Peer 1: 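Below is a structure I'd like to ask you about.
Computed from a prediction, not measured in an experiment: that's the story for all the values here.
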Amino acid sequence: DKAADMVTWLDIDGTIIYTNYTACSKLGYSRKELQSMKINEIDVGIGEKEWHERVKKLQTETHGTILTDYRTKKGEVFPVEVITTYLGYKDKKYIFTAAHDITERKKYEQELRDSEEKHRIMFNSINDAVFVHRPRPGNMLGKLIEVNDTACKMLGYQKDEMVGKLSLIDFTKREASGATPTKEVVKTISAKGTSVTEKVFLSRDGKEIPVEISSRTFQFRGKPTIIT
């Protein structure tokens, strides 16, 4: 009865036949009031048609999880994650639900999206071309995992043509000796953590672009990563 989540038992028609203390407290109703209501009176995202579709699906899958919104007696709406289970008891069928208030989680997710958007704008506003990639065995560079707008404009590629498909080697002019142009850069970074060198990039149309390359390593999702 005092579970942290809002627990309800419903009949097949969606009528609430039992609810716990947490549901009463969060929704602002007395138990007597809730146990005379239908679930669509508190679940903003469901009507009669949606309820019957949900029951039909539960009869096949027996349980599921949905994201929806609940409305309190005062009309306030908040997001919930609802675990639903279809079960039988004494020859009758019921729907058991446990709804968890995810207001804080949604707030955190929005803050994270806002933060990511802010950093994306900053990343793409940098005047220098920026490339993010990971080292491979043998002092080689792996495929690009991120580039900014300036890099795309400089080299004449779309972002989706570069990320996951090209490496810095693909548009760096080879040395006169024929040596792999970025191998010594990776070797220096591995030893010192940073590297500054001069190279020549080749744009998509073959134009030579002299560049100063400044690279350093950092950890991204637990893996060594290079930003150039």
Side-chain angles (χ1 to χ4, degrees), residues 1-125 132 145-146 149 159-160 163-164 218-223 225:
D1 190 57
K2 293 187 178 180
D5 290 339
M6 293 167 280
V7 175
T8 58
W9 285 77
L10 315 165
D11 66 16
I12 296 301
D13 292 328
T15 301
I16 300 170
I17 57 177
Y18 168 79
T19 186
N20 70 345
Y21 171 81
T22 305
C24 296
S25 177
K26 292 283 292 184
L27 296 169
Y29 291 96
S30 68
R31 184 167 296 180
K32 184 178 180 180
E33 287 175 315
L34 275 176
Q35 292 177 183
S36 65
M37 297 168 64
K38 285 198 170 186
I39 189 63
N40 60 11
E41 294 180 74
I42 62 172
D43 188 336
V44 175
I46 192 168
E48 288 289 341
K49 181 182 178 182
E50 290 80 10
W51 171 252
H52 290 301
E53 289 175 350
R54 189 180 298 178
V55 171
K56 186 176 181 180
K57 187 176 181 180
L58 283 171
Q59 288 172 335
T60 303
E61 301 179 358
T62 70
H63 65 274
T65 302
I66 60 169
L67 298 179
T68 186
D69 295 306
Y70 275 6
R71 181 187 290 113
T72 69
K73 187 175 182 178
K74 293 182 178 180
E76 298 169 343
V77 176
F78 61 95
V80 290
E81 180 179 66
V82 185
I83 298 173
T84 57
T85 305
Y86 181 80
L87 45 82
Y89 178 70
K90 293 184 178 181
D91 299 323
K92 291 186 178 181
K93 300 299 182 181
Y94 299 97
I95 309 293
F96 167 84
T97 73
H100 181 67
D101 184 347
I102 56 172
T103 301
E104 288 302 314
R105 188 174 88 188
K106 287 286 189 179
K107 181 180 177 182
Y108 170 75
E109 289 173 350
Q110 185 58 51
E111 289 175 348
L112 184 61
R113 284 193 292 269
D114 291 344
S115 177
E116 289 175 344
E117 177 66 10
K118 180 179 72 175
H119 284 90
R120 185 190 67 80
I121 291 171
M122 292 174 62
F123 183 71
N124 285 319
S125 297
V132 183
I145 60 175
E146 187 60 270
D149 290 349
K159 184 175 180 178
D160 59 6
V163 174
F218 68 102
Q219 290 290 316
F220 179 63
R221 295 178 179 172
K223 296 181 180 181
T225 305

Peer 1: Does atom CZ of F218 have more than 12 heavy-atom neighbours, drawn from other residues, nucleotides or ligands, at distances under 6.0 Å?
Peer 2: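 Atom CZ in F218 is packed in, count exceeds 12.
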Peer 1: What residues form a side chain to side chain contact (heavy atoms under 4.5 Å, CB included) with Y21, not counting sequence neighbours?
Peer 2: D1, S25, R31
Peer 1: Without swapping roles, check the side chain of N20 against the backbone of V7 for a donor-acceptor pair under 3.5 Å.
Peer 2: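 Judged by distance alone, yes, a pair lies under 3.5 Å.
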Peer 1: I12: which residues meet the side chain to side chain contact (heavy atoms under 4.5 Å, CB included) condition with it, sequence neighbours left out?
Peer 2: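 Partners of I12 by the side chain to side chain contact (heavy atoms under 4.5 Å, CB included) criterion, ordered by chain and then number, come out as V55, Y86, K93.
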Peer 1: Looking at T84 and L58, what are the two nearest heavy atoms and their distance?
Peer 2: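 For T84 and L58, the tightest heavy-atom pair comes out as OG1-CD2, 3.4 Å.
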Peer 1: Whether D43 and R54 form a salt bridge (side-chain N of Lys/Arg under 4.0 Å from carboxylate O of Asp/Glu) is what I want to check.
Peer 2: yes
Peer 1: For T8, which residues count as a side-chain hydrogen bond (donor to acceptor under 3.5 Å, both in side chains) partner, sequence neighbours excluded?
Peer 2: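 With neighbours one apart ignored, the set is T97.
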Peer 1: Just do the side-chain contact (heavy atoms from CB on, under 4.5 Å) check on I39 and Y70 with the steps written out, would you?
Peer 2: CA-CA 10 Å; I39 189 63; Y70 275 6; 4.1 Å; yes
Peer 1: Could you report the tightest heavy-atom contact between C24 and S30, atom names first, then the distance?
Peer 2: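 Here C24 and S30 meet closest at SG-C, 4.1 Å.
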Peer 1: Between NZ of K57 and CD of Q59, what distance do you get to the nearest 0.5 Å?
Peer 2: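 Here the interatomic distance stands at 13.5 Å.
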Peer 1: Salt bridge check, E109 against R105: does any charged N sit closer than 4.0 Å to a carboxylate O?
Peer 2: yes
Peer 1: Any side-chain heavy-atom pair from L10 and W51 closer than 4.5 angstrom?
Peer 2: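 With C-beta onward as the side chain, the pair touches.
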Peer 1: Applying side-chain contact (heavy atoms from CB on, under 4.5 Å) to T225 and I145, what does each step give before you reach the verdict?
Peer 2: CA-CA 10 Å; T225 305; I145 60 175; 4.0 Å; yes
Peer 1: Show the nearest heavy-atom pair for residues T22 and A4, with the distance to one decimal.
Peer 2: CG2-O, 3.2 Å
Peer 1: Closest heavy-atom contact between P79 and D101?
Peer 2: O-OD1, 3.5 Å
Peer 1: Let's go through I42 and L34 carefully: what are the C-alpha distance in whole Å and the side-chain angles of both, what is the deciding distance for side-chain contact (heavy atoms from CB on, under 4.5 Å) to 0.1 Å, and is it a yes or a no?
Peer 2: CA-CA 9 Å; I42 62 172; L34 275 176; 4.3 Å; yes
Peer 1: Just verifying a value: how many Å separate I95 CD1 and L87 CG, rounded to the nearest 0.5 Å?
Peer 2: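 The distance works out to 7.5 Å.
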Peer 1: Can you name the nearest heavy-atom pair linking V80 to A99, along with the distance?
Peer 2: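 Smallest interatomic distance, heavy atoms only, reads CB-CB, 4.4 Å.
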Peer 1: Sub-3.5 Å donor-acceptor pair from the side chain of E41 to the main-chain atoms of K38, do we have one?
Peer 2: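 Looks like yes, one N/O pair under 3.5 Å.
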Peer 1: Does D149 offer a backbone N or O that forms a donor-acceptor pair with the side chain of N124 under 3.5 Å?
Peer 2: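 Confirmed, N124 side chain pairs with D149 backbone.
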Peer 1: If you round to the nearest 0.5 Å, how far is CD1 of I66 from CD of E81?
Peer 2: 10.0 Å
Peer 1: Under 4.5 Å between any side-chain heavy atoms of I17 and Y94, yes or no?
Peer 2: yes
Peer 1: What's the separation between atom NE2 in H52 and atom CG in D13, rounded to the nearest 0.5 Å?
Peer 2: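 If we round to the nearest 0.5 Å, H52:NE2 and D13:CG are 6.5 Å apart.
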Peer 1: Evaluate the side-chain proximity of M6 to T19: yes if any heavy-atom separation is below 4.5 Å, no if none is.
Peer 2: no
Peer 1: Please determine whether a side-chain nitrogen of the Lys or Arg among E146 and K159 lies less than 4.0 Å from a carboxylate oxygen of the Asp or Glu.
Peer 2: yes
Peer 1: To check you understand the geometry: which heavy-atom pair defines the closest contact between I102 and L67, and what is its length?
Peer 2: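 Closest heavy-atom pair between I102 and L67: CD1-CD2, 3.9 Å.
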